[in-house]
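Residue numbers start from 1 in every chain, and the chains themselves are labelled A, B, ... in the order their sequence lines are given, proteins ahead of strands.
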Amino acid sequence: MNFDFSDEQKQIKDQARKFLNEKCTTRIVRKLYDGGGNFDPVLWAQIAQLGWMGTAIPEEFGGLGLGYLELCVIAEELGRALAPVPFSSTVYLFAEALLIAGTDDQKRRLLPGIARGEIVGTFARSEGPGAVTPKTIRTGFRNGRLSGTKIAVADGMDAHCAVVLARGSEEAGARGLHLALVDLNGAGIRREAVATLDPSRGAARLVFDDADAEALGALGQGWQLASRVLDGAAVLMAFEQVGGADACLAMAKDYAMTRYAFGRPIASFQAIKHKLADMYVNTELARSNAYYGAWALSTDARELPLAAAAARVSATQAFDYAAKENTQTHGGIGFTWEADCHFYYKRSRQLGLALGPQRAWKDKLVGELERSNAA
Amino acid sequence: MDFEDSPEEAAFRAEVRAWLDANAAPRVEREAGNPLDERLDSGQMAKAKAWQKKRADRGYARITWPLGMGGIAGTPMQSIIYGQEETKYDVPSGAAFAIGLGMCIPTVMAYCGEETRARYVKPAVEGAEIWCQLFSEPAGGSDVAALRTRAEKNGDGWTINGSKIWTTGAQFSDYGLLLARTDPTVPKHKGLTMFYLSMTTPGVEVRPIRQASSGSGFNEIFFTDVRIADSQRVGEIGQGWQVALTTLMHERLAVGGGQGGGIDVPQLLQLARGLELEDGPAIRNAAVREKIADWYVRSAGLKYTTLRTMTALSRSQQPGPEASIAKIVVASKLQDLCAFALELEGEAGMLSGEEAPMHGMFQSGWLGAPGLRIAGGTDEILRNIIAERVLGLPGDVRVDKDVPFNQVPTGR
């Protein structure tokens, strides 16, 4: 049985943690909260220097050619540190979409720049409130021209390029959907910053008006390709969420040990102890599900859709719980702007929505169970 | 990262399989019964003992124990591999021996002299003698050290008076490991002493407890002027609490899971596929799907947590504390999942036994779940353990810590 990361992978994780401990304190996050931009370009440049964006990008495309397990351990640390950088959009979504669906030429054009940290990318799916289904995709992509509006596109203000899920034909449902690759600095594109729950992870409304775009992957395959991209991203994001949940537990513990009430540390009250024990239980369950997702992603296993959905649901639940109960453990100070609790509270919800809400992933999970049960 | 055996593990697995093939038939699917009562079906006892003897002769009864004592001096990982393989065969449950071999005998081995060990270890591991653990009392459940059963020095021996409760398998047991109070004038942890005794000693009476589920896995034991020899003392006088901690530590070594009585997401899925609700098939109902997913991620999370623990063992490392979460998750999930299944069954959910859907599996699980949430450490105590031992939070304020036991308020 070898269901754990290797010593080398754990070393990468330790190094990432040390680095982020030093360079990505919550002061960096606070700067963005107080109006210091959409992300932290200094941190972005530093992690580019370390090669993190290219972790899972093959060497022939300018990456380090390590793999997804290495990317998972880095993701956990980015999540723990609340790193305010466009890493998930660029690496888990945009680069992965290229690797999964791109032509050799598309990969050569864009992946080296991503690995160097020069290209920020994103993935645009949702067009408004409610579920994202083939029916709700109205953005059109015909004859190399893209028109329509995508909203709450993560890192949309800073991205150079985007992969856009769009309708290419009138064919019903998923069969008429394509993925389009678009240079966001081209003509016919308007972007507007939108306020988000988490000011340290910016988003935009992207309006395409007859913009130049190219197909990514086979026409009519847009929905399936997007699903595959989201599966991988869900696993990687789950590691960020587990890292965040772990950070909340540590923070709640530190506070409870030093805060005295009724003549004793509040950590000695069972109401607090049991809350923290539950945080631990949820986070360990989420971690184990994320590990299984990591295995499925790194081996491109048949089980990936189920493993990804389970990792996603479990991690979302763990981070949501840890973030809200960390805030609660802090009492009055917990809901002030001055304390750091709200950074996690907001990040947990934003990550929990960014790839689609739990409801959608749970439905998918049960669909996979039905399928494997029937097989 | 993978799920493969190391070459040594694979070789051991093959060895185990070959032996099982030669000595047992492959398992046939059985239907789940009540998760708590099933394992103590007395009709199975003779078969269970015979199988235990066979395993002990081969060294598979306690794989990590020495040769000649039912073991092969193997690794914890080999023990797990044997367990995994054995579940694929139709063999009697070894549950009747679990407490004796998992907790009582290791304590005897740690604290008793050569002569006692030579007398008791082998018959226990061979299944000839069954042991039970006599710790909990009506006045000492989660707070075991508050127990009141007295052992008073009487010439060369001791006289025991009092009662124990929640004793699993006492009705089948030949011996018991007994924690008793020898000095009520000192604080509670300091006045305890450990003994062992034959369950047929005059003055010992075993009464089964009828559970709300109508099964009887537990017993109440009464001691009336029971005389035992001082040689039946385990450890020093007044050292009973430390000895008990050894016993309880062994309890935690078991790599867990599987306590849900075979009632989990696949069974709920099966139920949901066959039922019609107000808006169509239950399996298409969004609320049903959400619930199934919620429980699935908890089950899967536990399954992969166990694999992480096994990985540590396989690498000869100490497993992390994550193994301690299993029972909290399993017991309350079972209760919630079964309650939800009854909701889906609608008015038929109030049936039980064969009349109920799927042979009353969910009714039986729902009735057994309250016991699971208590037995072997309540949900609350387990949360305390995680908070204190895993997270390092302070222990509870203990108002009785320094008070002589006979002056501690009792409330009744």
Side-chain angles (χ1 to χ4, degrees), chain A residues 1-6 9 69 72 249-250 253 256-257 263-265 267-270 272-282 284-295 298-299 306-307 309-315 317-318 358-359 361-367 369-370 373-374, chain B residues 1-6 9 77 80-81 265-266 269-270 272-273 283 286 288-294 296-315 317 320-322 324-325 328-329 379-380 382-388 390-397:
Chain A
M1 185 57 58
N2 182 32
F3 185 58
D4 195 358
F5 292 94
S6 68
Q9 287 152 357
L69 297 178
C72 285
L249 176 55
K253 181 191 156 181
M257 295 288 274
R264 55 198 256 217
S268 67
F269 290 104
Q270 290 193 355
I272 299 293
K273 288 163 81 168
H274 289 189
K275 198 190 278 304
L276 267 56
D278 285 338
M279 276 191 210
Y280 176 80
V281 170
N282 290 339
E284 284 308 309
L285 292 174
R287 176 179 295 284
S288 297
N289 280 314
Y291 278 29
Y292 185 61
W295 168 79
S298 66
T299 56
L306 176 61
R312 169 74 182 166
V313 170
S314 196
Q317 291 178 345
Q358 278 190 67
R359 195 193 55 250
W361 287 97
K362 286 178 174 177
D363 186 61
K364 174 173 174 155
L365 190 160
V366 177
L369 285 181
E370 288 181 273
N373 207 251
Chain B
M1 189 182 274
D2 59 57
F3 305 99
E4 305 302 321
D5 284 333
S6 70
E9 287 161 8
M77 194 59 205
I80 291 169
I81 289 171
V265 168
L269 203 59
Q270 189 188 336
R273 288 178 131 173
I283 188 63
V288 173
R289 292 172 83 81
E290 279 225 36
K291 292 285 193 185
I292 291 174
D294 281 336
Y296 177 81
V297 302
R298 293 183 86 73
S299 283
L302 266 193
K303 175 177 163 196
Y304 300 122
T305 300
T306 303
L307 298 188
R308 285 168 57 203
T309 303
M310 284 170 51
T311 299
L313 293 173
S314 175
R315 294 177 181 179
Q317 296 162 349
E322 62 275 358
S324 59
I325 69 178
I328 296 184
V329 176
D379 284 3
E380 291 74 18
L382 294 177
R383 283 188 171 84
N384 279 354
I385 289 175
I386 289 174
E388 292 171 23
V390 179
L391 300 177
L393 304 184
D396 268 21
V397 172

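Under 3.5 Å, the side chains of H274(A) and D379(B) contain no donor-acceptor pair of N or O atoms. R298(B) and N289(A) share no side-chain donor-acceptor pair at under 3.5 Å.
Considering every non-hydrogen atom in both R308(B) and S288(A), the closest pair reads NH1-OG, 2.8 Å. Counting all heavy atoms, side chain and backbone alike, Y280(A) lies closest to L391(B) at CD1-CD2, 4.0 Å. The two residues S268(A) and D396(B) make their nearest non-hydrogen contact at O-OD1, 3.7 Å. Between V297(B) and L365(A) the shortest heavy-atom distance is CG1-CD1, 3.8 Å.
Relative orientation of the Y304(B) and Y292(A) rings is parallel, given thresholds of 30° and 60° on the angle between their planes.
With a 4.5 angstrom heavy-atom cutoff, Q317(A) touches chain B only via side-chain atoms. Of the two parts of L276(A), the backbone and the side chain both hold a non-hydrogen atom closer than 4.5 Å to a non-hydrogen atom of chain B. Only the side chain of Y296(B) comes within contact range of chain A, with at least one heavy atom under 4.5 Å from a heavy atom of that chain.
Comment: K273(A) does not engage E380(B) in a salt bridge, judged by the lack of any side-chain N to carboxylate O separation of less than 4.0 angstrom. Checked for salt-bridge contact, E290(B) and R359(A) miss the test: no charged N lies under 4.0 Å from a carboxylate O.
For the set V265(B), L269(B), V288(B), L382(B), the count of heavy-atom pairs under 4.5 angstrom toward chain A peaks at L269(B). By number of non-hydrogen pairs under 4.5 angstrom with chain B, the leading residue of K253(A), K364(A), Q358(A), Q270(A) is Q270(A). Most heavy-atom pairs under 4.5 Å with chain A, from the set I292(B), V390(B), N384(B), I386(B): that is N384(B). If you tally non-hydrogen atom pairs under 4.5 Å between each of T305(B), L393(B), I325(B), D2(B) and chain A, the highest count goes to D2(B). Interface check for chain A: of the options G395(B), P266(B), P394(B), the most heavy-atom pairs under 4.5 Å are formed by P394(B). Chosen from A300(B), A272(B), A312(B), the residue pairing most often with chain A at heavy-atom distances under 4.5 Å is A300(B).
Counting heavy atoms from C-beta on, the side chains of F3(A) and M310(B) never come closer than 4.5 Å. D4(A) places a side-chain heavy atom less than 4.5 Å from the side chain of R315(B). Looking only at side-chain heavy atoms (C-beta outward), K291(B) and K362(A) stay at 4.5 Å or farther from each other.
A donor-acceptor pair under 3.5 Å links the side-chain atoms of R289(B) to the main chain of D363(A), judged by distance alone. The backbone N or O of T311(B) lies less than 3.5 Å from no partner atom in the side chain of N2(A), so there is not a single donor-acceptor pair.
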Apply side chain to side chain contact (heavy atoms under 4.5 Å, CB included) to residues R273(B) and E370(A) and explain how you reach the verdict.
CA-CA 9 Å; R273(B) 288 178 131 173; E370(A) 288 181 273; 3.7 Å; yes
